[in-house]
Amino acid sequence: MRRREEIPYLTALMFVMNLSVVLFYAVVVFATTARICRSFTAYDFLSTVRQVPDKPWVMPTRSLISYGFLTLVSFAKYRGRLGGKYLSGFICVSEIALCFATVASLNFYYTGVALLVLSDLTHYIQNPRVRLGLMIPLSLLFALGRYEIASVFVARIPFGAYLNYYSPSVRGYLAGIESVLVSWNVLLFVYDMILLFTSQREENARISRLNLQLKEANQRLRKNAVELEHLTETRERNRLAREIHDTLGHTLTGIVMGTEAVSAIFDAAPEEAKRRIEIVHKTAQEGLEDVRRSIKALRPDALEKRSLEKALEELITNFHLTTSVDIDYQQDAGGLDFAGDEENTLYRIIQEGMTNSVRHGHATEIEIQITREGNLLTVRIRDNGLGCAELEEGFGLRHMEERLGLLGGSLAYGNRNDDSDDEQRGFYLIASLPVRGREGK
Amino acid sequence: MRRIWAGAALAAALLCAVFVGLSRRGGVTIRIGVYSGSYWQTPNGDCYQILDNAIRRFESTHERVKVEYVSGITTDSYSEWLSEQILSGTEPDLYFVLPEDFNLLVTCGALAKLDAFMDADAAFDASLYYEPSLRSGTFEGGQYALPHESVPTIMFVNKTLLERNGIPMPRNDWTWNDFYDICRRVTNVEARQFGAYDYTWLHALYSNGTSLFSEDGTACYLSDEKIRSAIQFVKSLRDLNGGYQVTARDFDLGNVAFRPFLFSEYRAYQPYPWRVKKYSGFQWDGISMPAGPHGDNVSELHTMLLGISARTRHEALAWKLCKLLSLDEEVQRELYADSSGISPLRAVQADAPDSDRLGLEAIDKIMSTAVSAPRFDGYEQALMMAENAVADEMALDITRGDGLTAAQREINVFLGKS
């Protein structure tokens with residue numbers, strides 16, 4: 001990146017170099033004309049060149065004015081950071097025109113100005129097609145604008161004719177200065193082009209480096225996703241284990257203990273045993289119910305077959321039919337069409353919430369309300385049950401919290417009468433979930 | 001920012017207006033390039049008198065026009081001075097063109113083409129000129145200068161020498177045969193007495209009805225039969241001298257019968273006061289050049305020309321002034337009286353003072369038939385090649401050598417290239 005900053009300095013250097021070349025030709029032609037007139041060799045000069053030269057001040061003024069304007073346009077474009085389709089087009093055209101004017105005003109002795117403009121515009125224009133379009137006229141000017149070719153079409157006095165006025169040694173010095181100036185300019189152009197291409201290669205390298213980093217990040221993300229899946233699975237297993245332990249374990253323990261007691265007192269107190277058996281039976285039935293519920297809760301196919309809306313309606317209808325609890329279901333969130341994980345979470349929260357209300361709060365009425373504000377989906381569940389004095393583990397609340405947390409949501413719950421403006425008994429639960437929409441399903 | 005630009009533009013426009021206004025108020029100045037003295041190396045009076053009179057007339061008819069010239073430039077340094085002016089970009093709007101500079105100035109592009117002016121100007125009548133004089137200002141078909149004064153070549157005759165040998169003065173319609181005959185009779189190598197000095201194959205060529213180059217300068221006719229016979233004639237004249245190289249001194253001493261000379265010299269030294277200054281040892285007179293078997297009494301014509309700079313900003317005024325100096329009878333009459341050339345205008349020559357014993361008819365004939373050196377690029381070089389070939393031919397003493405054919409081919413190749 002450091003190299004890129006050098007380019008304007010190099011361009012400025014090229015402008016200075018070209019100015020000295022322009023000055024060299026203008027001064028030599030002007031001064032030589034004056035010397036020829038002073039030394040009474042004007043007639044010989046005219047006889048040799050067989051052309052009327054331009055008036056002596058024409059070359060210096062024309063070349064310096066057109067070169068001056070060229071410099072002005074070029075630097076204005078850097079200083080003013082001029083851009084835009086039409087303005088940059090205008091700048092390119094005027095720079096090429098001024099370049100031609102400069103070359104023509106120097107009698108086509110020197111076409112290196114075309115290289116200067118070429119490098120200047122190559123830095124300015126990034127579009128490769130436009131660059132090519134600029135390169136063609138400027139290369140043509142550089143290659144075909146030479147005196148040897150131009151003099152076929154326009155009669156101009158060769159620079160050599162002016163040099164021939166001098167003695168061989170002076171001529172040698174002047175020709176030396178000329179070739180040094182001209183070749184320096186070419187060298188600067190080559191150096192400038194090398195810098196341009198290196199900086200462009202660096203730029204390309206930087207882009208491919210960034211691409212590589214992006215690819216790596218993508219891979220990491222994919223790995224993380226796999227790990228997350230793993231983790232979710234483990235957590236689900238844990239939940240399953242807890243569920244089994246909490247419900248089935250408890251029930252079976254009760255049954256085992258109950259049946260032991262029954263067998264111990266069966267002979268001594270058959271009436272008591274009978275009563276106990278009934279309790280065991282009841283417990284077993286409850287356990288069976290629990291297992292059924294658990295299995296049902298774990299089965300995800302409810303959602304896979306239909307939309308969340310339908311699934312929830314079915315869930316609520318079934319729940320009402322099996323438990324005969326009155327459920328007031330209000331769906332005010334519009335279409336419920338979310339990503340898969342979001343739908344699952346919502347489904348589970350409502351399912352779990354209702355189960356909890358009946359199981360722990362022994363409620364007979366449940367209100368479920370789904371609302372949406374922007375991207376924030378809120379599920380409110382209230383019942384008229386017992387509420388609870390102390391929240392216990394295993395109610396599934398933690399799972400709800402975990403599920404919501406994974407999706408960036410939150411959960412609030414508590415006894416309804418803890419709240420000042422609600423004097424009803426019962427439990428409430430508010431789940432908030434920012435929804436992303438349906439891209440991941 | 002925009003206001004500043006507008007202000008700058010306004011200021012520039014104002015400046016331009018002031019500049020234009022000032023330059024208008026000052027009037028127009030026409031500069032004319034002129035040499036001092038006579039180009040024909042003959043004495044004459046106040047060289048600027050005629051020009052001053054013409055300028056005064058021009059300025060009186062053109063208000064706010066001033067005509068300027070630099071005085072004191074001798075004819076020798078005039079070409080160099082003019083070249084310097086052209087290089088410095090300060091050449092006059094209108095200038096005299098020496099005959100030998102015409103080709104260079106035209107090929108350089110220093111002279112403006114006058115055909116458009118001539119066609120547009122109803123007052124310009126080309127038929128007022130002697131055709132050869134006007135043609136001196138043409139180059140490859142275009143008119144680039146108008147004639148100011150013409151001088152043909154004529155033949156000087158040493159009358160004393162002819163009388164001494166009992167030979168009558170030849171007539172103006174004499175031929176090569178008469179010429180050769182007189183030379184043969186006059187020549188006496190022991191007595192250092194000869195027929196002709198400085199009569200070259202080019203003189204012979206013009207009077208043999210041919211020219212060395214085609215009008216447009218694309219072909220050379222060096223091996224043409226007429227040119228061969230001209231060369232042969234000059235060679236036979238030379239052979240009379242028995243190997244002796246006749247010099248100008250021989251002529252001055254009165255020992256040579258003929259010598260081609262410029263008409264100006266004739267006019268300058270023929271009247272009394274000047275007559276004694278030159279060739280006082282013998283009686284002399286001028287006649288036409290002798291006619292060859294295929295030609296007439298044709299001589300070469302030298303013409304002082306007037307051209308307009310191709311870079312002048314006052315072409316119309318320069319053209320008017322040029323026309324005044326070239327085509328105005330009053331100016332030309334004054335010039336004829338003062339200078340020693342022939343006016344390019346027929347009318348002026350027709351009522352010229354009869355001091356010229358050559359005779360009006362003869363002058364009219366000479367002026368109507370005279371030829372000028374061709375006008376094309378590369379003429380000098382081609383002429384030099386031809387002269388070298390002829391010199392070789394004459395030195396080798398081969399009657400019908402193929403050297404000329406080879407040289408002609410070479411010159412044609414050169415002309416084709418240039």
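Just so it is clear: chains get the letters A, B, ... in the order the sequence lines come, proteins before strands, and each one is counted from 1.
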Check your understanding: How long is the span from the OH atom in A/Tyr43 to the CD1 atom in B/Ile86, to the nearest 0.5 Å?
Key -> 10.0 Å
Exercise for review: Using a 4.5 Å cut-off on heavy atoms from C-beta on, say whether the side chain of B/Leu87 contacts that of A/Pro56.
Suggested key: no
Practice item. Check A/Asp54 against B/Arg311 and note the closest heavy-atom contact, atom names and distance. Key: C-NH1, 3.7 Å
**Study point:** Residues that A/Gln51 engages under side chain to side chain donor-acceptor pair (under 3.5 Å), provided they are two or more places apart
**Key:** none
Point to revise | Neighbourhood of chain A inside residues 102-115 of chain B, taking heavy atoms under 4.5 Å as contact | key: B/Asn103, B/Leu104, B/Thr107, B/Cys108, B/Gly109, B/Ala110
Study note, to complete from the structure: Heavy atoms of B/Gly89 and A/Trp57 approach each other most closely as O-CH2, 4.0 Å
**Study point:** With sequence neighbours excluded, residues passing side chain to side chain donor-acceptor pair (under 3.5 Å) with B/Arg31
**Key:** none
Review point. Between B/Ser88 and A/Cys37, which heavy-atom pair has the shortest distance, and what is it?
Key: OG-SG, 3.2 Å
**Study point:** Engaged part of B/Gln85 at the chain A interface, taking heavy atoms whose separation is under 4.5 Å
**Key:** neither
Point to revise | Residues which pass side chain to side chain donor-acceptor pair (under 3.5 Å) with A/Thr33, listed by chain and number, not counting sequence neighbours | key: none
Point to revise | Side-chain (B/Glu80) to main-chain (A/Thr41) donor-acceptor, under 3.5 angstrom | key: yes
Exercise for review: Look at atom OH of A/Tyr165 and say whether more than 12 heavy atoms of other residues, nucleotides or ligands are closer to it than 6.0 Å.
Suggested key: yes
